[in-house]
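In what follows, every chain begins at residue 1, and chains take the letters A, B, ... in the order their sequences are listed.
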Amino acid sequence: MRLKRSFYTQPTLKVAKNLLGQIICRRFGNGRILRGKIVETEAYIGPNDKASHAIGGRMTKRNLAEFLIGGHIYIYLVYGMYWQFNISTSKKGKPECVLIRAIEPIIEKSPKSEFLISKQIPNHKSQIPKLTNGPGKLCRYLGLDKSFYGEDLVRSEKIWLEKGEKVRSKNIIAAKRIGIDYAGKYWASRKWRFYIKGNKWVSKK
DNA sequence: GTACAGATTGAG
DNA sequence: TCAATCTGTACT
(Lines give C-alpha, C1' and ligand atoms only; values in the text may rest on other atoms or scores of the structure.)
Protein backbone atom coordinates (compact mmCIF):
# COMPACT_ATOMS: atom_id res chain seq x y z
CA MET A 1 0.00 0.00 0.00
CA ARG A 2 1.40 3.34 -1.07
CA LEU A 3 2.11 5.87 1.67
CA LYS A 4 -0.23 8.84 1.48
CA ARG A 5 0.27 12.56 1.87
CA SER A 6 -0.68 12.46 5.55
CA PHE A 7 2.39 10.33 6.25
CA TYR A 8 4.77 13.00 4.96
CA THR A 9 3.12 16.03 6.51
CA GLN A 10 3.77 14.90 10.07
CA PRO A 11 6.53 16.59 12.10
CA THR A 12 9.87 16.00 10.41
CA LEU A 13 11.58 14.10 13.22
CA LYS A 14 8.61 11.76 13.39
CA VAL A 15 8.70 11.20 9.63
CA ALA A 16 12.45 10.55 9.77
CA LYS A 17 11.88 7.79 12.32
CA ASN A 18 8.75 6.41 10.70
CA LEU A 19 10.49 6.15 7.32
CA LEU A 20 12.66 3.38 8.74
CA GLY A 21 11.30 0.06 7.52
CA GLN A 22 9.27 1.58 4.66
CA ILE A 23 9.83 0.39 1.10
CA ILE A 24 11.14 2.56 -1.73
CA CYS A 25 9.80 1.35 -5.08
CA ARG A 26 11.39 2.45 -8.35
CA ARG A 27 9.84 1.53 -11.68
CA PHE A 28 12.17 1.70 -14.68
CA GLY A 29 11.23 2.36 -18.28
CA ASN A 30 11.18 -1.34 -19.09
CA GLY A 31 8.59 -1.97 -16.38
CA ARG A 32 10.93 -3.62 -13.94
CA ILE A 33 10.71 -2.50 -10.34
CA LEU A 34 13.52 -2.26 -7.81
CA ARG A 35 12.66 -2.18 -4.14
CA GLY A 36 14.61 -1.32 -1.03
CA LYS A 37 13.84 -1.02 2.66
CA ILE A 38 14.85 2.28 4.26
CA VAL A 39 17.31 1.61 7.09
CA GLU A 40 18.91 5.03 7.72
CA THR A 41 17.64 8.63 7.56
CA GLU A 42 18.59 12.16 8.61
CA ALA A 43 16.33 15.13 9.35
CA TYR A 44 17.06 18.68 8.17
CA ILE A 45 14.82 21.29 9.70
CA GLY A 46 15.15 24.77 8.22
CA PRO A 47 15.17 27.68 8.54
CA ASN A 48 16.87 27.50 11.97
CA ASP A 49 18.98 24.40 11.36
CA LYS A 50 22.43 25.60 10.30
CA ALA A 51 23.04 22.37 8.44
CA SER A 52 19.97 22.95 6.27
CA HIS A 53 20.27 24.39 2.78
CA ALA A 54 17.37 26.62 3.78
CA ILE A 55 19.28 28.21 6.66
CA GLY A 56 17.84 31.61 7.45
CA GLY A 57 14.93 31.01 5.10
CA ARG A 58 17.19 31.00 2.07
CA MET A 59 15.26 29.91 -1.00
CA THR A 60 17.10 29.24 -4.24
CA LYS A 61 16.48 27.40 -7.47
CA ARG A 62 18.40 24.49 -6.00
CA ASN A 63 16.57 24.04 -2.69
CA LEU A 64 13.07 25.09 -3.77
CA ALA A 65 11.75 21.54 -3.38
CA GLU A 66 12.47 21.66 0.34
CA PHE A 67 9.60 24.12 0.65
CA LEU A 68 7.02 21.90 -1.06
CA ILE A 69 4.37 20.09 0.95
CA GLY A 70 5.55 16.76 2.38
CA GLY A 71 6.09 13.91 -0.07
CA HIS A 72 8.08 15.65 -2.81
CA ILE A 73 11.62 14.79 -3.86
CA TYR A 74 14.46 17.20 -3.14
CA ILE A 75 17.52 15.87 -4.95
CA TYR A 76 20.86 17.61 -5.44
CA LEU A 77 24.48 16.89 -6.34
CA VAL A 78 27.27 16.97 -3.75
CA TYR A 79 31.01 16.86 -4.26
CA GLY A 80 30.42 17.11 -7.98
CA MET A 81 29.38 13.49 -8.35
CA TYR A 82 26.89 12.11 -5.86
CA TRP A 83 23.13 12.65 -5.82
CA GLN A 84 21.40 13.02 -2.47
CA PHE A 85 17.82 11.81 -2.22
CA ASN A 86 15.64 13.79 0.19
CA ILE A 87 11.91 13.76 0.85
CA SER A 88 10.18 17.01 1.76
CA THR A 89 8.15 16.96 4.95
CA SER A 90 5.69 19.13 6.83
CA LYS A 91 3.51 21.86 5.35
CA LYS A 92 3.99 23.84 2.17
CA GLY A 93 6.40 26.72 2.82
CA LYS A 94 8.30 24.98 5.61
CA PRO A 95 11.80 24.01 4.42
CA GLU A 96 12.05 20.64 6.13
CA CYS A 97 13.15 17.33 4.67
CA VAL A 98 14.56 13.90 5.37
CA LEU A 99 17.69 12.57 3.67
CA ILE A 100 17.57 8.87 2.85
CA ARG A 101 21.05 7.63 3.76
CA ALA A 102 20.77 3.89 3.25
CA ILE A 103 18.43 1.17 2.03
CA GLU A 104 18.51 -2.60 2.16
CA PRO A 105 17.93 -3.99 -1.35
CA ILE A 106 15.02 -6.36 -1.73
CA ILE A 107 16.06 -8.96 -4.27
CA GLU A 108 13.41 -11.00 -6.05
CA LYS A 109 14.33 -14.63 -6.59
CA SER A 110 13.19 -14.74 -10.21
CA PRO A 111 15.88 -14.89 -12.92
CA LYS A 112 14.33 -11.93 -14.72
CA SER A 113 14.90 -9.66 -11.75
CA GLU A 114 18.45 -10.79 -11.41
CA PHE A 115 18.98 -10.00 -15.03
CA LEU A 116 17.72 -6.45 -14.58
CA ILE A 117 19.94 -5.77 -11.62
CA SER A 118 22.98 -7.18 -13.34
CA LYS A 119 22.22 -4.93 -16.29
CA GLN A 120 22.19 -1.92 -14.03
CA ILE A 121 25.22 -2.87 -12.02
CA PRO A 122 27.72 -5.47 -13.23
CA ASN A 123 28.90 -8.20 -10.86
CA HIS A 124 26.01 -7.41 -8.55
CA LYS A 125 26.09 -10.67 -6.67
CA SER A 126 29.21 -9.89 -4.69
CA GLN A 127 28.48 -6.19 -4.42
CA ILE A 128 24.88 -6.18 -3.27
CA PRO A 129 25.59 -5.84 0.45
CA LYS A 130 27.66 -2.73 -0.24
CA LEU A 131 25.60 -1.27 -3.07
CA THR A 132 23.14 0.85 -1.12
CA ASN A 133 24.82 1.63 2.21
CA GLY A 134 25.20 5.36 1.62
CA PRO A 135 23.18 8.32 0.28
CA GLY A 136 25.17 8.59 -2.95
CA LYS A 137 25.26 4.86 -3.53
CA LEU A 138 21.55 4.27 -3.16
CA CYS A 139 20.82 6.95 -5.77
CA ARG A 140 23.15 5.22 -8.19
CA TYR A 141 21.45 1.89 -7.46
CA LEU A 142 17.94 3.29 -7.97
CA GLY A 143 18.93 5.40 -10.97
CA LEU A 144 17.95 8.68 -9.34
CA ASP A 145 19.22 12.03 -10.60
CA LYS A 146 18.17 15.61 -11.35
CA SER A 147 15.27 14.38 -13.49
CA PHE A 148 13.48 13.36 -10.29
CA TYR A 149 13.65 16.84 -8.82
CA GLY A 150 10.28 17.85 -7.38
CA GLU A 151 8.65 14.48 -8.17
CA ASP A 152 5.65 13.72 -5.96
CA LEU A 153 5.98 10.37 -4.19
CA VAL A 154 2.22 10.33 -3.63
CA ARG A 155 1.46 10.38 -7.35
CA SER A 156 4.55 9.37 -9.32
CA GLU A 157 4.54 6.30 -11.56
CA LYS A 158 8.33 6.09 -11.44
CA ILE A 159 8.99 6.17 -7.72
CA TRP A 160 6.92 5.84 -4.58
CA LEU A 161 6.97 4.45 -1.05
CA GLU A 162 4.99 1.51 0.26
CA LYS A 163 4.17 0.57 3.79
CA GLY A 164 6.78 -1.83 5.11
CA GLU A 165 7.54 -3.33 8.46
CA LYS A 166 6.99 -1.48 11.69
CA VAL A 167 10.32 -0.83 13.40
CA ARG A 168 10.05 -0.89 17.19
CA SER A 169 11.39 2.20 18.89
CA LYS A 170 13.88 0.13 20.87
CA ASN A 171 15.46 -0.83 17.56
CA ILE A 172 15.82 2.76 16.36
CA ILE A 173 19.15 4.41 17.14
CA ALA A 174 19.40 8.22 17.18
CA ALA A 175 22.82 9.67 16.38
CA LYS A 176 24.59 12.78 15.18
CA ARG A 177 24.25 13.65 11.52
CA ILE A 178 27.17 12.96 9.21
CA GLY A 179 29.28 15.43 7.25
CA ILE A 180 27.82 18.66 8.67
CA ASP A 181 30.42 19.78 11.20
CA TYR A 182 30.52 23.13 9.43
CA ALA A 183 27.12 23.84 11.00
CA GLY A 184 28.71 24.42 14.39
CA LYS A 185 28.65 22.42 17.61
CA TYR A 186 25.03 22.97 18.50
CA TRP A 187 23.48 21.86 15.23
CA ALA A 188 26.10 19.21 14.51
CA SER A 189 25.35 17.58 17.85
CA ARG A 190 21.58 17.25 17.28
CA LYS A 191 20.78 13.55 17.14
CA TRP A 192 18.72 13.77 14.00
CA ARG A 193 20.15 10.73 12.26
CA PHE A 194 18.18 7.53 12.71
CA TYR A 195 18.97 3.97 11.77
CA ILE A 196 17.81 0.44 12.40
CA LYS A 197 19.91 -1.14 15.12
CA GLY A 198 22.17 -3.87 13.82
CA ASN A 199 21.21 -3.52 10.16
CA LYS A 200 24.23 -4.22 7.98
CA TRP A 201 23.25 -1.81 5.20
CA VAL A 202 23.57 1.24 7.45
CA SER A 203 26.33 3.53 6.13
CA LYS A 204 29.66 3.15 7.84
CA LYS A 205 31.18 6.22 9.36
C1' DG B 1 33.20 36.74 -14.49
C1' DT B 2 35.50 33.98 -11.11
C1' DA B 3 36.43 31.56 -6.91
C1' DC B 4 35.18 28.07 -3.73
C1' DA B 5 33.47 24.37 -0.96
C1' DG B 6 30.35 20.61 -0.27
C1' DA B 7 24.33 16.34 3.73
C1' DT B 8 30.41 11.29 -0.30
C1' DT B 9 33.07 7.62 -1.77
C1' DG B 10 36.75 4.41 -2.43
C1' DA B 11 41.54 3.95 -3.11
C1' DG B 12 46.21 4.04 -0.86
C1' DT C 1 44.73 10.44 4.61
C1' DC C 2 43.24 12.31 0.34
C1' DA C 3 41.75 13.16 -4.50
C1' DA C 4 37.86 12.94 -7.71
C1' DT C 5 34.59 16.12 -9.91
C1' DC C 6 31.20 19.99 -10.90
C1' DT C 7 27.51 23.07 -9.93
C1' DG C 8 25.16 26.33 -7.02
C1' DT C 9 26.14 30.24 -4.59
C1' DA C 10 28.58 34.37 -3.21
C1' DC C 11 31.40 37.90 -4.14
C1' DT C 12 34.27 41.19 -7.37
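Of the P atoms belonging to C:dA10 and B:dA7, the separation is 13 Å, rounded to the nearest Å. Rounded to the nearest Å, the gap between the C1' atom of C:dT7 and that of B:dG10 is 22 Å. The P atoms of C:dT5 and B:dT2 are separated by 23 Å, rounded to the nearest whole Å.
For the pair A:Lys94 and A:Phe67, the cation does not sit on the ring face, since its NZ or CZ is not both under 6.0 Å from the ring centre and inside 45° of the axis. Cation-pi geometry between A:Arg190 and A:Tyr186 is satisfied (NZ or CZ under 6.0 Å from the ring centre, within 45° of the ring normal).
Across every strand in view, B:dA7 sits unpaired, with no contact that passes the Watson-Crick or G-U test at under 3.5 angstrom.
The distance between the ring centers of A:Tyr44 and A:His53 does not fall below 6.0 angstrom.
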Is there any protein nitrogen or oxygen under 3.5 Å from a nitrogen or oxygen in nucleotides 1-5 of chain C, and what are the pairs?
unit_1	atom_1	unit_2	atom_2	d
C:dT5	O2	A:Tyr79	O	2.4

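No chain of hydrophobic side-chain contacts below 4.5 Å, direct or via other Ile, Leu, Val, Met, Phe, Trp or Tyr residues, connects A:Leu99 to A:Val39.
Salt-bridge annotation for A:Asp49 and A:Arg177: present, with a side-chain N of the basic residue lying under 4.0 Å from a carboxylate O of the acidic one.
Along DNA chain B, the stretch of nucleotides lying under 4.0 Å from any heavy atom of chain A spans, 5' to 3', B:dG6 to B:dG10.
At a threshold of 4.0 angstrom between heavy atoms, the contacts of A:Glu42 with the nucleic acid are absent.
Close to C:dG8, at under 4.0 Å from its OP1 or OP2, lies no side-chain N or O of A:Thr60. Regarding contacts with the backbone of C:dA10, a side-chain N or O of A:Arg58 is found under 4.0 angstrom from either OP1 or OP2.
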